[in-house]
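Residue numbers start from 1 in every chain, and the chains themselves are labelled A, B, ... in the order their sequence lines are given, proteins ahead of strands. Computed from heavy atoms alone, side chains included, the values below leave out hydrogens, waters and symmetry copies.
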There are 2 protein chains.
Amino acid sequence: MASKRSRERGLAVKMRDVAAACDVSLGTVSLILNGAPLARYFSPATTERVKKAAQRLGYRPNATARSLRSRRSHAVGVMFFDITDPFCTPVLRGIESALFDASYVPIVTDARNEPPRFERYLEMMLERQVEGLIVVANWLFVDLAILGDLARRNVPTVIVGWEDESGVVSSVMVDNEAGVRLAMEHLYLLGHERIAFIRGPKSLIDSAPRWSGIQKFARGAGREIDSRLVVDLPDHFETDLGFDNAYRLTKELISRGRAFTALVAFDDLTAFGAIRALHESGIKVPEQCSVVGFDDVAPSAQLTPPLTTVRQPLGRMGNMASSIVMDGIRAVQEKRIPAVVRHRLIPDLAIRGSTQRAPAKKRTG
Amino acid sequence: MASKRSRERGLAVKMRDVAAACDVSLGTVSLILNGAPLARYFSPATTERVKKAAQRLGYRPNATARSLRSRRSHAVGVMFFDITDPFCTPVLRGIESALFDASYVPIVTDARNEPPRFERYLEMMLERQVEGLIVVANWLFVDLAILGDLARRNVPTVIVGWEDESGVVSSVMVDNEAGVRLAMEHLYLLGHERIAFIRGPKSLIDSAPRWSGIQKFARGAGREIDSRLVVDLPDHFETDLGFDNAYRLTKELISRGRAFTALVAFDDLTAFGAIRALHESGIKVPEQCSVVGFDDVAPSAQLTPPLTTVRQPLGRMGNMASSIVMDGIRAVQEKRIPAVVRHRLIPDLAIRGSTQRAPAKKRTG
DNA sequence: TTGTATGCGTTATCAA
DNA sequence: TTGATAACGCATACAA
């Protein structure tokens, strides 16, 4: 059989082959196989014949040729600033989910917090004619203006985890203030008064809003924040270091001798490091010190004790990002201007074993 | 400026435009911008002029057109059976690393352990003319024959985490037997005699080899495995359930009242569940019971106590997979038959806080 | 109801 | 040294 022979030789069968096999023209095959509107004028006989032949010959459309001709790549770029962050996987799944439904494919890249890599990848994606772009940003290492540029050049772009103040590119992010409010409220209700804080590094996007949210809420509740119970994660660009630094800082916090019955960590990884330090210093979690994190990454629930943490709807965020991009693509297609939408999702609190009622007042440090 | 106008309209500048701007022909531009061998015959003046113009106009090659013409997509498909598995991220990074160096781009897909999704994605990748394919397989949910088919059709394919017995598709995997040997040796040296085991689910690829490795090593060391200390994870297709089931099974193990001083978990997630159960039952890890895992996923080091576990060189595995595929692509390009290579990497043991010397003999359960 | 012809943006083979 | 020109595989406007 001809089909088999050509397949074995690695020569893909194309429309021309199908056309030849059915003794119809190339255009006919194209219309029929694509279910084009005009295809309904063909006789059922031809339609059948063509479809059968395509099947029999193992015809598979060449997406490259199709893209060139139709000017649609059916691909969207997905750029992670740092895919090592456990935050990313659920987001990716959310993205993939929506893209799959639309028969789009993600081109996934990982900038590793390196600006040159970011730029190179951006370039590669544009060369590949991605129809849209999703950037999962956690670090502040790059100037967003570049993306604005992009969004204006008919490549609908959305940022996950970072809100563009200039308002030219769409974004999906968690409401950090609402998140920390939940955490603080929870601790206050449990009777915690002396609360320690590990703040995020300045170069991480969420650091500032989370801290200001904490301050705002404390002020509103008429509570004081003891600055001697506040430590800062240093700037760095490696996910793993969050753990080590949190560990070190917590030790330092403890050594200050200032009592605290609860600790609010910048994120889950930080919380893990803090728990290790507390444990080593003989301070039991949660009996002597409650700990709360932020993110609810996968391992948080699997820790012993499981971590109470602010849960980001990561999958939904990814999904939304895809939807926004797909809407944008549709807009571009119809020669409309893609809308800039900014979603801020409200997180909830996963209350688990790492927090409990504050112990009777006494020193903990 | 013409360039600016066309960019704002979203009309990409192409070689033709550059050629027109320099008053040279299309071919000239192509040769020069691609640094083709023949380009060295052009006068330095022309060369400069063309390059400058391309720069000035913001020319960006259209990868789609290039692919169609050159029959090279510069893309490789990366299919995960279940990207939720923390095992995947480091592998992906390893893959990405090697691809980036070769200016290749990964098309990432997640089959979610669903055969139809797997097949659909496979189809999409082939339509997109991926030059190679990397499958990161942990579950046994699909027939590998499909991939063999592929490998023979000039799409170099490599499987990470699964060895194809029929020997038609390349693979990279960890030496499971060597891994469990390290774990067992470690425990024996620490004086553990009564060891409990949580075996992996049958549908997970690594389950069988790990268990047979344990048996082999125990036999070789003249030790007995107490079948009353062995439990099996049920089959399921969700990563999270590993934790819950391990938790439940460990409780059951404890309730059997049969003493053990160490527990070998199928993998890290399983170990997390076991630790939770032990802890809740008042059995201290590692004082009363040592626990060892397998994989060394990111959170393992951040647990308290940190998990002793067999470390898979995940990044290197991903990297290797990419290299194999790239070699294969080169082979296809040169009309050679891509070699089938099978790598089995030796893991090492990350000895951390979850294991220690066996306590003096007494009941633990 | 079906066929023909042109072009998508490149690369590559000819001539000149 | 450079310029025409023909593919690559497909979609589509226009003919027939």
Participant: Without decimals, in angstroms, what is the distance between Ile32(A) CD1 and dA11(D) P?
Facilitator: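 The answer, rounded to whole Å, is 13 Å.
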Participant: Check the distance between dC10(D)'s P and His74(A)'s NE2 and give it to me in whole angstrom.
Facilitator: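 Rounded to the whole Å, the gap is 15 Å.
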Participant: Is the count of non-hydrogen atoms from other residues, nucleotides or ligands lying under 6.0 Å from Glu334(A) atom CD greater than 12?
Facilitator: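 Correct, the count exceeds 12.
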Participant: Please enumerate all residues that pass ring pair (Phe, Tyr, Trp, His ring centres under 6.0 Å) together with His74(B), with sequence neighbours excluded.
Facilitator: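 Listed in chain order: Tyr104(B).
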Participant: Residues two or more places apart in sequence or in another chain: which of them pass ring pair (Phe, Tyr, Trp, His ring centres under 6.0 Å) with Phe42(B)?
Facilitator: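 Testing Phe42(B) for ring pair (Phe, Tyr, Trp, His ring centres under 6.0 Å), a comparison that skips the adjacent residues, returns none.
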Participant: Base contacts versus sugar-phosphate-only contacts with protein, heavy atoms under 4.0 Å: please encode nucleotides 1-10 of chain C as B, S and - from 5' to 3'.
Facilitator: BBBB--BBBB
Participant: With heavy-atom distances below 4.5 Å as the criterion, would you say the side chains of Met125(B) and Val155(B) are in contact?
Facilitator: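 No - every pair of side-chain heavy atoms lies 4.5 Å or more apart.
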Participant: I need the CD-P distance between Glu127(A) and dT11(C), as an integer number of Å.
Facilitator: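 Nearest whole value for this atom pair: 11 Å.
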Participant: Looking at Trp139(B), Tyr121(B), Phe118(B), which one forms a ring-ring contact (aromatic ring centres under 6.0 Å, His included) with Phe81(B)?
Facilitator: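 Among Trp139(B), Tyr121(B), Phe118(B), the one meeting ring-ring contact (aromatic ring centres under 6.0 Å, His included) with Phe81(B) is Phe118(B).
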